[in-house]
Amino acid sequence: MPRYEPVDPGQSFPKLEESVLERWRERDVFHESIRRREAEGAEPYVFYEGPPTANGRPGSHHVLARIFKDVFPRYRTMRGYLVPRKGGWDCHGLPVELEIERELGLNNKHEIEAYGVEKFNARCRESVLRYIDEFDKLTERIGFWLDTDNAYFTLDNDYIESVWWSLKTVWEQGRLYEGHKVVPYCPRCGTALSSHEVAQGYRDVVDPSVYVRFPIEPGVSLLGWTTTPWTLLSNAALAVNPDVTYVRARVGDEILIMAEPLVERVLGDVPIEARFKGSELEGTKYDPPFHYVTDFGPLSHTVLAGDFVTTDDGTGVVHTALAFGEDDFALGEQHGMTLQNPVKLDGTFDERMGPFAGKFVKDADPEIVEALGDRLFRHVPYEHAYPHCWRCGTPLLYYAKASWYVRTTAVRDQMLAENEKINWYPEHIKHGRFGEWLRGNVDWALSRERYWGTPLPVWRCDDGHEHAIGSRAELQELAGAVPDDLHKPFIDDVTFVCRECGGEMARVPEVIDAWWDSGSMPFAQWHAPHENEDVFERRFPADYICEGIDQTRGWFYSLLAVNTLLFGRSPYETVLCLGLILDPSGQKMSKSRGNVVDPWDVIDAHGADAFRWYYFTSKQPWDGYRFSLETVGESVRQFMLTLWNTYGFYVLYANAGDVEPAEGEVTELDRWVLSRLAATTEVAIERLDDYDTTSAGRAIAAFVDDLSNWYVRRSRRRFWDGEPAAFWVLRECLVTVSKLLAPLTPFIADAMYENLDASEPSVHLCDYPAPGERDVELEWQMEVVRDTIELGRAARAHAKVKVRQPLGEAIVVAADRERAAIERFEELVLDELNVKSLRFVSEADELGRWQLKPNYRTLGPRFGKRMPLAADAVAALDAQRAAATLREGGVVGVTVDGEEYQLGADDVQMALEPLEGYRVERAGTHAIALNVDLNPELRREGLAREAVHAIQAARKSAGLNVEDRIALTVGGDDELLDAIRAHEPYVSGETLATSVTYDGAGDATHIEGLELRIAVERA
RNA sequence: GGGCGAUUAGCUCAGUCGGUUAGAGCGCUUCUCUGAUAAGGAAGAGGUCCCAGGUUCGAGUCCUGGAUCGCCCA
C-alpha cells in the first residue's frame, strides 16, 4: 500500500473537482463548518446575499460575483467566525413582466388585462423560478457555499408581509406620500418607462423647433423657443434665469426680449435698447399663444425665475407647460400652480382642445405651428436625439403622473453620515459615484402601475382617507379575510370599512419598485419582525456584501435607504464592487454581440478553481475583466500546475521510499523556505483582512514558485535519498499552502489536504494558518545568493560556456553582509554555477571601478532647486576614495553653491563599472567574474557530464522507469570514453548503471562533435 | 449633457510618498538545464507610459484641457 494516493501528473482538474464535491456532499462539510463555529459560540461574521433573478441562464458575470461572495465567508470561517450564508432570489420587477409579455406576444397593458392578471402573474411566478436549478447547480459546482435550501424569495407571502411592515412603518413616519412626477411615458403601451428603457430607445429625429412671441404689451414680446409645439397649447408660464442678462432688442418695428448671450445667434446684429437681469422680468404677465386651457392658478401666464434655464440654446426664455417636463413640473409645484393636463393617456388631446381634440399630440405639431399665426417668429427643423419606446417605436411623452413616493430626502444627511462609515472597495465609490448620488438624493418614486410585484399596502376610501397595512393579521382584523396569495389580483378584492368615514376602503392599484423588496432583505429574509426578530438582530448589519459596480444606485442604495429609514443606520459595513466582464477586445459581453463565454465551458475546460483563481488574482476586481477561455487556461499553467507538480513530486518520492516525514535537523534551505512560508502567511492574512484576493493570491503564487523552483529543485537529492526531515518540511509547506489557498481554490486545496494530512474531514474545517517564525535576515541573504547566481549564469551565457562544463573559479565582489550571505550558501552557489571554488574580493579595484550617482530620493528634498548642482558635486568626487569611505560608514563632504554639505552612504548609489578584459556581470554593489580557462581535468569532467546527459536521454527513449537499474555499454571517441572512465562512479551513480562496458555497440550520438555510442539494458 | 473610472510591450497586467535606466507573465527568436513539471534558467527583439499644455531641480505618477473606451445617470 502506498503511503499516499498516487498523484497523476496529467490530472484533469475538472474531474478532480467533481470528486472533491462528492466528498463535501458525503461529509456535509459546508454545514459542518457552520455547526462547529456555532458550537464554539463563535462571533458572527455576517454576509448578505444580493438576490439574483433566476429568469435567465447564469453567466460568467454571475460566477464572478458568486466567487467573491464565497471567498471572504470561507476565509472568515477559517479565521474562527460563524458565517451563515442564506441564499435569496429576487422575483419581482418589470424585466420579468416584459419577458412574459414577449413570450405571450402581448404589447401593452390593455392586452395584459385582457389576457388576465391572474394568469399573467402565474406566468411571471413560474418564470422567475425557471432557472433556479441551473443557478444552484452552478453555485455548487464553482464551490460557492451558500444555504440554497433555505433561500428567501421576494415573492413569498412572508417576505411580502415583512416588506409591508416596512412600508407601514414609513407611512407612519409620514414619509410615504402620493405625488406627481413627470415620467417618460409611452402612450401606445400605456406605461411609463424606466430610465434604462429610455436609454435604449434614443433615435435621431427632426422635430419642428419654433421661436414664439409672447406679447406683454403692444409691439413688445418675450421670445420663447420650443421643440415640442404641441405643448404650447397648454402653456402656463415662462421661465427665465434670474442671474442672466436679458435685453430688449429691436427687430424691425417690434421689441423682442431674450437672453443677451443668444441674441446674435437668433436675431443677428440688431440694435439693443436695454439690458437688465432676468430677475427684473419676474412677475411680468404675458398673453399666451392659445386659450383653450387657461386656469393654472394666480400665476397663470407669468414670467417665473428658474435656475434650470441655460443659455446653451433657444432664447433663454423657456416655455413652460406644467405637465410635460420635469423642470416645468417642479417650477409649477414650487409656485403652487394648478396642474392641467390636456393630453389623455393614449396621447391625444382631450375635448377641451377645440380643433385639436382627439389628435395625437406629435401628429398635431404642423397644424399647431400653422395656428400660431403671427405669434410665430421663426420655424426651423431641429435635429436631435429623442427617446422612443424601445418596444414599439412610439415617441415618448414626458408626462405628469400620480405616483407614490418615499421621502428619502428626509434621511439624506443621515445616509451621507452612514456612508462615511462604510468601507468601500474601491475607495473612490464612497465619495465618487455613491456619495455624489446620495448628495443629489430625491424622493424615491416607489410605485409602479404594473402587475407583478409587492402590492403597495395602502387602502383608500372615496373621501381620500388612507390606511397602510403592516401585516396579514392586521388585514384579517380589518377585512376579515386574507387571500392565500398576497399578489394582484387577489389582494385587490380585499376591502374594508373606513374608520373615519365608514366608506369602503379599496387598495390603490400600484405595486412597488422591486428595489424596495431587495433593500428589505436584511429583515424580510427572516420574516422579521413577524418572527425571528432575534435572528435578524444578531445578523444586522452585514459585515460584508459584494455585487457588480452597477448596483451602486441599485441594491447598495436600496439597502441603505430602506434601512436608514427604518433603523437609522447602514445595513452593511464593507462593500466590494465588481467590474464588468469584457471580451478580449474590451467589448461588453452580451448575447446580441455573441461574445458571451458560457461558464460551463470554462469549468469543463479548466475547472472551477482555475476560474476562481483567474478572477481572484488576474487584476483588481473592480476594474473589469478582459476574459476568454485562454486567459483562464494561462492561470492554470502558471500556478496550478506548478503547485500540482510539486505536490506530485512529494507524493511520488514519499511513496517510492515509503518515507515517514519526521521533524529533524533543519538545513539552511529548510529554514529559508519555512521563513518564506511564514512571510507568505503574514501577507495572506493581512491582504485577505483587507478584502484583497489579488495581492494575497499573488503572494501565495510567488511562494509556490519559490517552493517548486528553488526549494525542491535545490533539495532533490535529499528526496531521492528519502531524508525524513526534508519530507517533513515539504509536507509542512504543502499542507500550509493548502490551507492558505482553501478560500481561493477550495477544490485543489482540499484534494491536497485530504491526501497529505486529513486530520480533519476537510481543509475547510481547519483554522487558517498562523504565521510561523520569520528569519528576515535569512530571507534577504537568499535574495542576494539567488541574485549572485543569476549574475554568474549570465556571465556563463556571455562566455558561451555551458553550465554542464565545470569551471575552476568564480570571483565574487561583495562585502560585509553580502559576503556573509554568499559564504553561508557557498555550497549552493558552487553547485548552481558548477564551479570549484569561490574567491571573494571585497575591494572592487581588482574587477572594476566604482561609479557614484546621486540618490535623488534623499538629496532632492535636501537641495531642491540646487539639485543639479548637487549632482555635479557628486560627479566631481573621487569615486574610488569616496566609495571606500562610504562603505566603511564614513561621510564625504561636497561643496554646493559655496556651502559645505556632508553626504552619507544613503545619499549616493554605488555601482561597479567592470574593467576591460574580464567576464564580469554586475548588479549594484556586487559583481561576479568567472575564470573560463579549462584544464584537461575540467574538460574531462565536463565531458563526463555530457555523457551522463546523453545516457539519461537514452534511458528515457528506451522507456525505462526512473528507478530502473541498467547495464550500460558505451563506445566511440576515446576522449569521451576516457572521461567516462575517469568519472565512472559518478556516471554510473547518476544513471543507475550496475555495470559499464566499453566495447562499442549502440546508438550513436555526438557530443561536441565527438561520437558516443550508447546501449542501455534493464539490469 | 452630467458624474465616476480606465488608457503602460503583440496580449494580460504590476508600477509604493513624484526621484532620473518603466517591470513581470504569456507569446516570439536564440541558447541552456532536467530522476517531478505542460516547468526552470540566460540572452534578444518588442514602449510616443493615449494626446497637448502646466507645476517641479525632477512627472508613467500631481494639475488643467482634450481623445478613446466603459459604467452610472439625465
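Residue numbering restarts at 1 for every chain, and letters A, B, ... go by the order of the sequence lines. No hydrogens, no waters, no symmetry mates; every other heavy atom, side chains included, goes into these values.
Side-chain N/O atoms of H949(A) include none lying less than 4.0 angstrom from OP1 or OP2 on rC33(B). Side-chain N/O atoms of Q952(A) include none lying less than 4.0 angstrom from OP1 or OP2 on rU34(B).
Rounded to whole Å, the P atom of rU16(B) lies 22 Å from the corresponding atom of rC11(B). The separation of rA39(B) from rC28(B), taken at their P atoms, amounts to 11 Å, rounded to a whole angstrom. Separating the P atom of rC4(B) from that of rU64(B) is a span of 11 Å, rounded to the nearest Å. rC26(B) and rA67(B) have their P atoms separated by 39 Å, given to the nearest Å. Atom C1' of rC13(B) sits at a distance of 26 Å from the matching atom of rC72(B), rounded to the whole Å. As rounded to the nearest Å, rG47(B) and rG15(B) have C1' atoms that lie 14 Å from one another. Separation of the C1' atoms belonging to rA38(B) and rA45(B) is 25 Å when rounded to the nearest angstrom. Comparing the P positions of rG60(B) and rA9(B) gives a spacing of 15 Å, expressed to the nearest Å.
Residue-level contact check: Q551(A) touches neither bases nor backbone, having no heavy atom under 4.0 Å from any strand. Residue contacts for G864(A): at a heavy-atom cut-off of 4.0 Å it reaches a base atom on one of the strands shown. Using a 4.0 Å heavy-atom distance criterion, P426(A) is classed as making no nucleic acid contact. Residue-level contact check: V712(A) touches the bases, meaning some heavy atom is under 4.0 Å from a base atom.
For rA39(B), its base never sits under 3.5 Å from the side chain of S708(A) at any donor and acceptor pair. Between the side chain of R433(A) and the base of rC73(B), no donor-acceptor pair of N or O atoms lies under 3.5 Å.
Across all strands shown, the partner of rG1(B) is rC73(B), judged by Watson-Crick or G-U wobble contacts whose two distances both fall under 3.5 Å. Using N1 to N3 plus N6-O4 or O6-N4 for Watson-Crick, or N1-O2 and O6-N3 for G-U wobble, each under 3.5 Å, rG44(B) pairs with rC28(B). Both distances falling under 3.5 Å, in either a Watson-Crick or a G-U wobble arrangement, occur for no nucleotide opposite rU34(B). Across all strands shown, rA6(B) forms a Watson-Crick or G-U wobble pair with rU68(B), both key distances being under 3.5 Å. Pairing for rC62(B) goes to rG54(B), judged as Watson-Crick or G-U wobble with the two contacts each under 3.5 Å. rC49(B) makes up no base pair with any nucleotide shown, lacking Watson-Crick or G-U wobble contacts both under 3.5 Å. Pair assignment for rC13(B) gives rG23(B), based on Watson-Crick or G-U wobble hydrogen-bonding distances that are each under 3.5 Å.
As rounded to whole Å, 12 Å separates atom P of rA36(B) from atom CZ of R713(A). Between the CG atom of D692(A) and the C1' atom of rU16(B) there is a distance of 14 Å, rounded to whole Å. R955(A) places its CZ atom 14 Å from the C1' atom of rU34(B), with the value rounded to the nearest Å. One interatomic measurement links the two molecules: CZ of R714(A) to P of rA36(B), which rounds to 14 Å at whole-angstrom precision. Atom CG of L643(A) and atom P of rA38(B) are 16 Å apart (whole Å). Atom CD of Q805(A) and atom P of rC33(B) are 11 Å apart (whole Å). Between the C1' atom of rA42(B) and the CD atom of E832(A) lies a distance of 13 Å, rounded to the nearest Å. The nearest whole Å value for the distance from the CG atom in L578(A) to the P atom in rC72(B) is 14 Å.
When the nucleotides rA14(B), rG35(B), rC57(B) are ranked by their closest atom to the side chain of Y653(A), rG35(B) comes out on top. Among rA14(B), rA36(B), rU34(B), the nucleotide with an atom closest to any side-chain atom of N645(A) is rA36(B). With rA14(B), rA36(B), rC72(B) as the choices, the nucleotide that has an atom nearest any side-chain atom of F649(A) turns out to be rA36(B). Here the side chain of E436(A) is nearest to one of rG5(B), rC71(B), rG3(B), namely rG3(B). Candidate nucleotides rC72(B), rC57(B), rG35(B) were compared by shortest atom distance to the side chain of P868(A), and rC57(B) ranks first. Out of rC73(B), rA14(B), rC57(B), the shortest distance to the side chain of R553(A) is found at rC73(B). Side-chain proximity of P861(A) to the nucleotides rA39(B), rC72(B), rG19(B) is greatest for rG19(B).
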Let's go through F719(A) and Y650(A) carefully: what are the C-alpha distance in whole Å and the side-chain angles of both, what is the deciding distance for ring pair (Phe, Tyr, Trp, His ring centres under 6.0 Å) to 0.1 Å, and is it a yes or a no? CA-CA 8 Å; F719(A) 291 101; Y650(A) 171 88; 7.3 Å; no
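Taking the side chain as every heavy atom from C-beta outward, V442(A) and T408(A) never approach each other to under 4.5 Å. V896(A) has its side chain within reach of F863(A): a pair of non-hydrogen atoms, C-beta onward, lies under 4.5 Å apart.
Ring stacking holds between W720(A) and rG35(B), with the centres under 5.5 Å apart and the planes within 30 degrees of each other.
Checking Y625(A) against Y614(A) by side-chain atom types alone, no donor-acceptor pair falls below 3.5 Å. Between the side chains of D690(A) and Y425(A), at least one donor N or O lies within less than 3.5 Å of an accepting N or O. Side-chain contact of D328(A) with Y398(A): a donor-acceptor pair under 3.5 Å is absent, judged by distance alone.
Between the CZ atom of R714(A) and the CG atom of D706(A) there is a distance of 14.0 Å, given to the nearest 0.5 Å.
Closest-nucleotide positions on RNA chain B for N855(A) and T552(A) were compared, and the one nearer the 5' end corresponds to N855(A). With the nearest nucleotide of RNA chain B identified for both R698(A) and F863(A), R698(A) has the one nearer the 5' end.
Using a 90° window around 0 for the glycosidic torsion, rG35(B) falls inside it and is classed as syn.
Taking the six-membered ring for Trp and the full ring otherwise, W644(A) and F13(A) have centroids separated by under 6.0 Å.
A salt bridge links E832(A) to R713(A): at least one charged side-chain nitrogen sits closer than 4.0 Å to a carboxylate oxygen.
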